[in-house]
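Inspection log for the structure reproduced underneath, given as structure tokens.
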Amino acid sequence: MENIQERKRLVIVGNGMAGINTVEHILKLAPNSYHITIFGGEPYPNYNRIQLSYVLEKSKSIEEIILNDYAWYREHGIDLHTGTHVTAIDTREKTVEADNGAKVFYDRLIIATGSRPFMLPVPGADKEGIIGFRDISDCEEMLHTADAYKKAAVIGGGLLGLEAAKGLSKLGMDVTVVHLFKELMERQLDATAARMLQTELESQGLKFATGKQTAEFIGEDRVSGIRFTDGTELEAEFVVMAAGIKPNIELAKASGIEVNRGILVDDYMRTSVPDVYAIGECNEHRGVSYGLVAPLFEQGAVLAKHLCGVETDPYEGSTVSTQLKISGVDVFSAGEFMDAEDLSIVRMHDDWRRIYKKVLMRNGRIVGGILIGDGREMSRLQQWIRTGTVMTEAIHTAIVGQGAPETANTVAELADEEIVCGCNGVSKKKIVDAISENGLTTVEEIKATTSACRSCGGCRPVVEQILQHVLGDQYDSAAAKKEAICACTTLSRDEVVSEIKQKGLITSKEVRYALEWSNKEGCSKCRPALNYYLGMIWPEEHVDERDSRLVNERMHANIQKDGTFGVVPRMYGGVTTPEDLRLIADVAVKYNVKMVKVTGGQRLDLLGIKKEDLPNIWKDLDMPSGYAYAKALRTVKTCVGSQFCRFGTKDSMGMGILLEKKFERLDMPAKFKMAVNGCPRNCAESATKDIGIVGNEGAWEIYVGGNGGIKARLAELLVKVRTDEELVEIVAAFIQHYRETGKYLERTSDWVERVGLQSIADRIINDIDNRRALVERIEQALSRVQEPWNEILENSNLREKMFDDLRVSAVKNKE
């Protein structure tokens with residue numbers, strides 16, 4: 001057995017993307033060379049900082065942006081200290097000391113302390129409500145603040161600032177971007193591109209105050225606004241600083257390591273002290289400190305080879321490129337981008353299609369470019385700039401859009417060392433080798449093997465092109481686009497459902513073993529999905545696997561960031577009585593509820609409830625659960641309709657109550673909302689619901705696939721019906737068809753776009769026999785549903801298990 005003491009001791013100060021990427025390279029080049037110790041200041045394993053904007057807009061959870069979980073560190077014998085800061089480096093004794101009392105010797109030391117947000121040094125900058133945006137804790141504070149305040153300002157119109165602003169906007173805040181310069185992203189875009197970007201973002205709800213310099217932050221203890229040097233003011237209850245970053249050099253400087261703006265390094269990342277290296281945003285190489293991921297990964301590849309004794313070319317700097325990660329906004333910039341006398345330019349500007357392409361050349365060779373609204377040439381533009389490619393007729397044609405070379409030729413032109421996935425530093429050669437050596441046939445397999453597409457997904461089209469190029473005639477486009485339900489398997493949702501039916505699999509464990517899951521225990525992504533699919537397919541045979549459900553569904557209440565819960569009693573159709581209101585008020589007072597909030601779905605939310613009080617509150621309320629936490633029917637919103645409104649033509653409240661009572665408690669792929677309007681004035685907002693119903697004289701209109709959330713979408717008209725009975729039947733068939741064909745966590749807005757409205761109409765409107773079969777199956781499923789609060793109250797064993805043994809982590813389980 002190998003003696004671990006024979007390995008050299010490698011210590012990394014910093015658990016971020018740059019340092020861990022270097023470690024990943026070392027483990028591949030020489031896995032037995034070093035015993036590795038890592039110190040990280042955050043209480044998390046390595047995560048993808050690039051995707052914090054996705055966490056902010058709630059399209060991804062914290063767990064989904066973890067790059068290397070705790071098991072990865074254990075598997076490679078790495079000593080990981082999270083939530084720990086190194087306080088001192090003794091470069092003579094070769095030791096590091098940390099605030100948890102650890103003292104570790106090193107043979108080689110890598111400083112990867114990253115950067116900190118630049119905080120404007122103006123009066124009032126220390127007020128409450130002013131933060132930077134660099135890590136998960138900042139993200140969590142922004143999510144929490146969006147629930148309590150409405151007006152936000154983001155200082156900085158660069159890459160990070162715009163992504164933060166868009167995230168806050170999606171959380172419902174009124175956001176103004178404050179920028180010192182007249183043009184956004186002035187370090188990456190020219191004036192034309194910047195104007196196009198601002199116009200697009202304004203159409204998505206963002207506001208801008210450009211050409212504004214902050215003089216001070218106003219307010220008492222908490223910020224209430226910004227005063228600019230021109231005397232004007234902007235109201236702001238929350239301010240996010242995203243005006244730049246500063247290399248985190250304090251530890252290195254205190255240890256006698258030479259610094260300037262960053263920690264000074266040579267072409268092999270060596271600092272001024274022997275055996276001490278610096279990597280990532282904390283360093284300064286040839287006068288440049290990089291704040292983008294791709295250069296840091298290029299540095300890491302060189303450093304890893306150097307530490308493993310593998311011959312390598314020196315790192316000579318990077319040609320940086322920028323891609324804005326905002327849904328619906330396609331912006332890319334690389335190399336030089338501003339007009340100059342010694343540059344010639346190929347430019348294509350199409351205002352109607354909102355497309356702008358600009359390629360700059362010096363002495364006929366490509367040195368930079370901008371793409372707005374069309375990123376198909378992104379990878380090739382990067383390569384042309386990197387290699388100084390001479391402009392040709394074929395390239396010119398591709399830029400101005402009069403034609404395009406064949407896809408296979410596009411990827412064939414990419415150099416082997418070209419970085420395809422900038423988020424994870426994956427080269428073309430790594431992808432090609434993985435396909436050839438492992439017999440890969442799908443993008444999902446490439447993602448699992450190489451980490452390409454693992455992060456933002458922007459490189460997926462190029463990865464698929466490489467796959468097609470390598471496989472040639474063996475390429476299967478349908479298989480290549482197949483999306484596995486999680487990293488534990490290569491099987492897609494449809495394949496898993498088909499196998500469950502064909503093999504008669506009843507439990508998640510049977511599925512994972514019979515279908516040869518790579519991780520036999522499953523993961524947080526597949527376990528709840530399998531539990532849903534099994535319950536949908538076998539409503540009578542499958543026993544609900546409570547431990548596989550997300551925490552909110554296990555607890556039948558919404559967990560909040562402080563570990564307390566929110567309880568929403570059911571109010572059918574948004575209708576209540578004075579007696580029920582009095583009861584809710586009495587319960588709120590009795591249990592010291594922190595807040596009573598009227599929800600957007602016309603219900604009352606009791607917030608700040610302790611976990612141990614939940615059963616007693618349910619008992620005292622004696623009302624059914626409103627399912628505000630579930631992948632199920634949340635609410636049916638109604639207007640007052642013909643019962644009271646002088647414009648109402650239909651009994652919207654009566655129909656809403658009927659539908660809510662009929663379909664409550666039924667598991668669905670994702671949360672499901674409905675609305676019923678008594679006339680076309682649409683006061684119950686049917687246009688943004690999964691099913692929206694509008695009453696007209698003598699008819700009901702049924703709209704489907706609406707969404708007012710992160711991915712807003714207007715519902716589409718499915719059909720008009722005359723009778724209440726036909727309305728209920730079609731709603732039932734639509735829900736069951738969605739249950740049987742939707743992917744877990746896929747909202748109807750995405751599902752309708754994926755399968756097509758006409759296909760849905762063919763199945764539930766035009767095919768009467770199929771509609772009736774769907775209704776029969778949903779009735780079977782509905783016969784099995786139970787009221788969860790009563791179930792827990794009546795089952796002492798279940799109550800004891802859930803409320804005495806379960807330990808809930810509010811930070812980890814924000815679902």
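Put simply, the side chain of Arg527 gets close to the backbone of Glu521: a donor and an acceptor are under 3.5 Å apart. Between the Asn248 side chain and the Cys282 main chain, no donor and acceptor come within less than 3.5 Å of each other. In this structure, Thr22 contributes its side chain and Ala18 its backbone to a donor-acceptor pair below 3.5 Å. Judged by distance alone, with hydrogens and angles left aside, the side-chain atoms of Arg9 form no donor-acceptor pair with the main-chain N or O of Tyr106 at under 3.5 Å. Under a 3.5 Å cut-off, the side chain of Glu336 and the backbone N or O of Gly368 do not form any donor-acceptor pair. Listed for the Thr271 side chain is a donor-acceptor partner under 3.5 Å among the backbone atoms of Val273. Of the possible polar contacts, one joining the Ser272 side chain to the Glu258 backbone as a donor-acceptor pair under 3.5 Å is found. The closest donor-acceptor contact from the side chain of Asp99 to the backbone of His85 lies under 3.5 Å. When atom types are taken as modelled, the side chain of Asp69 and the backbone of Ala71 share a donor-acceptor pair closer than 3.5 angstrom. Although no hydrogens or angles enter the test, the distance criterion places a donor-acceptor pair under 3.5 Å between the side chain of Ser518 and the main chain of Cys488.
In terms of heavy-atom proximity, Ile279 sits nearest to Ala112 at CG2-CB, 3.5 Å. Scanning both residues, Ile50 and Ser53, for their nearest heavy atoms gives O-OG, 3.9 Å. Pairing each heavy atom of Ala242 with each of Leu160, the nearest pair is CB-C, 4.3 Å. Nearest heavy atom pair, residue Val177 against residue Gly156, reads CG1-O, 3.7 Å. Minimum interatomic distance between Ile263 and Ala278 (heavy atoms only, all atoms of both residues): CG2-CB, 3.8 Å. Nearest heavy-atom pair, Ile431 versus Ala452, reported as atom, atom and distance to 0.1 Å: CD1-CB, 4.1 Å.
Using a 4.5 Å heavy-atom threshold, the side chains of Met142 and Met173 count as separate. Contact check for Ser289 versus Glu284: side-chain heavy atoms found under the 4.5 Å cut-off. Residues Ile130 and Phe238 form no side-chain contact, since every pair of their non-hydrogen atoms from C-beta on lies 4.5 Å or further apart. The closest side-chain heavy-atom distance from Val331 to Leu371 is not below 4.5 Å. Taking the side chain as every heavy atom from C-beta outward, Val96 and Leu109 approach each other to under 4.5 Å. At a threshold of 4.5 Å between non-hydrogen side-chain atoms, the residues Ile370 and Phe332 do not count as touching. Counting only heavy atoms from C-beta outward, the side chains of Ile155 and Val240 never approach each other to under 4.5 Å. Put simply, the side chain of Leu251 reaches to within 4.5 Å of the side chain of Val13, judged on heavy atoms.
Here Ile136 contributes atom CD1 and Leu56 contributes atom CG; the two are 12.5 Å apart, rounded to the nearest 0.5 Å. Remark: Met17 CE to Leu296 CG distance equals 8.5 Å, nearest 0.5 Å. Rounded to the nearest 0.5 Å, atoms CD1 (Ile12) and CD1 (Ile110) are 5.0 Å apart. A distance of 5.5 Å separates CG in Leu27 from CD1 in Ile78, rounded to the nearest 0.5 Å. In this structure, the separation between CE on Met185 and CG on Leu159 is 5.0 Å, given to the nearest 0.5 Å. With values rounded to the nearest 0.5 angstrom, Met241 atom CE is found 15.0 Å from Phe133 atom CZ.
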Step-by-step side-chain contact (heavy atoms from CB on, under 4.5 Å) determination, Ser436 to Val432: CA-CA 6 Å; Ser436 303; Val432 171; 4.3 Å; yes
Under the criterion side-chain contact (heavy atoms from CB on, under 4.5 Å), I'd like the reasoning laid out for Asn283 against Gln299: C-alpha separation, chi angles, the key distance, then a yes or no. CA-CA 10 Å; Asn283 77 13; Gln299 292 178 2; 3.0 Å; yes
Does the side-chain contact (heavy atoms from CB on, under 4.5 Å) test come out yes or no for His35 and Asp79, once each step is laid out? CA-CA 8 Å; His35 174 63; Asp79 293 334; 2.9 Å; yes
Could you walk me through whether Val265 and Tyr277 pass the side-chain contact (heavy atoms from CB on, under 4.5 Å) test, one step at a time? CA-CA 7 Å; Val265 297; Tyr277 304 81; over 6 Å; no
Salt bridge (charged side-chain N to carboxylate O under 4.0 Å, His left out) between Lys94 and Asp275, worked out: CA-CA 9 Å; Lys94 288 193 167 184; Asp275 296 324; 2.5 Å; yes
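A salt bridge does not link Glu281 with Arg116: none of the charged nitrogens is closer than 4.0 Å to a carboxylate oxygen. A salt bridge does not link Asp138 with Arg134: every distance from a Lys NZ or Arg NE/NH1/NH2 to an Asp or Glu carboxylate oxygen is 4.0 Å or more. One finds a salt bridge joining Arg386 and Glu298 here, because a Lys/Arg side-chain nitrogen approaches an Asp/Glu carboxylate oxygen to under 4.0 Å. Using a 4.0 Å cut-off between a side-chain N of Lys or Arg and a carboxylate O of Asp or Glu, Glu42 and Arg49 qualify as a salt bridge.
With no hydrogens or angles considered, no side-chain donor-acceptor pair links Asn438 and Glu445 at under 3.5 Å.
Shown here is His144, whose NE2 atom has no more than 12 heavy atoms of other residues, nucleotides or ligands within 6.0 Å.
Between Tyr44 and Tyr47, the ring planes are perpendicular. Angles over 60° get that label, and only those under 30° would be called parallel.
Scanning for side-chain hydrogen bond (donor to acceptor under 3.5 Å, both in side chains) contacts around Asp267 gives His285, Arg286, with sequence neighbours left out. Evaluation of the side chain to side chain contact (heavy atoms under 4.5 Å, CB included) rule for Thr312 yields Tyr268, Val302, Lys305 as partners, not counting sequence neighbours.
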